[in-house]
Amino acid sequence: MKAIGFYQHGEDLNVLQVLEVPEPTPGPDEVLVRVHYAALNRLDDWVRRGWKGLELHLPHILGSDMAGEIVAVGSDVEGWQVGERVVANPGWWCTHCEWCERGEHSLCRSYAIYGEHKPGMYAEYVTVPARNLVRVPPDFPLEQAAAAPLVYLTAWRMLFTRARLRAGERVLVVGAGGGVNSAAIQLAKLAGAVVYVAAGGPEKVNFARQLGADVVYDYHHQAWWKAVYSDTDKRGVDVVVDNVGEVTFTHSLRALAKGGRLVTVGATTGPRSNADIRLIFWKQISIVGSTMGSQAEFRAAMDAIFSGRISPPVDSIWPMEAYPEALQRMLRGQHKGKIVLRVADEAHR
Ligand SMILES: [Zn+2]
């Protein structure tokens, strides 16, 4: 079967290849899924470049998000049938460690992510444990379903489980281009929060408004941490979502109200912070980390989407073979919403 991945890590996109690899066989607790659509994530870029300590079985297949249909079920799988349309939680967990027993799947001591530590979803066929699946309703487009798993799962846990965002609270999302931030804007609005966004440039400002943001600052022209402070009568916001990291961390602390929570799932500008610790204790701020999420959180996030309460924005759809061009679009920050790969047409089954 065809898949997208690489035989060696590299900064350069020319290490990416259309791979010809054997079709996987489902284990007893797994299903085999024919992939119709897959979606790009920033994680793809980190994995291709590689980092010290990352040891992958090569060639490595990229991709964490897919939607498709079940074509075979393992011997121990119950409750799933061939032909069902599904998405999958992109995390892998062991089911029996102390964190798994508490339902905290993304804290599993053996936790792994499809496309990162495990072979990914940019392939004609993939195997995933049946415990990871959620059904896609018959009338829901698979290209939009494929855009949902990683970012909405991540945003759901980050906002509701970790930062405990509640209706009526004020939340500031730093950045609007990335998938997690876009999902966070939509989910925060759905939860009844007042949503402030710092976005870069007029197109991203408009995009944030389309997603439901109440107040949007253009960080090319405005010191958003000062603007949000004055716009909240010098109170600040209850929650800041900061996945930018090094460049913005101290500004985000300044934007918080007393007793506020800063939540982070990433650090795109770098991992080091010179945070002013006085701000943390004087304002009694909580700094909260989050990553991915449990199957219960995945079900909740997918339910918000499949019931039509929020709609994942799709930027563009590309043939699987055009993955390097699609990735270029993401790396240049030109996209608004998820970039999707067409792996097989539903009509062709
Ligand atoms: Zn575990």
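Numbers here simply count residues along the sequence, with the first being 1. We count ligands from 1, going down the list as the structure has it; atoms in each ligand are counted the same way. Because the structure is a prediction, the values reported are computed rather than measured.
- The nearest N, O or S atom of H105 is not closer to the Zn ion (ligand 1) than 2.8 Å.
- At the Zn ion (ligand 1), the vertex angle linking SG of C100 with SG of C97 is 110° (nearest 10 degrees).
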Inset, instruction - Show the numbers, then the answer: is there a salt bridge (charged side-chain N to carboxylate O under 4.0 Å, His left out) between E203 and K336? - result: CA-CA 9 Å; E203 285 194 20; K336 291 189 285 290; 2.7 Å; yes
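- Taking the ring axis of W93 as reference, the NZ or CZ atom of R131 stays within 45° of it and closer than 6.0 Å to the ring centre.
- Among the backbone and side-chain atoms of C108, an N, O or S atom lies under 2.8 Å from the Zn ion (ligand 1).
- Separation of the W156 and Y152 ring centroids does not fall under the 6.0 Å cut-off.
- A centroid separation of less than 6.0 Å is found between the aromatic rings of H60 and F6.
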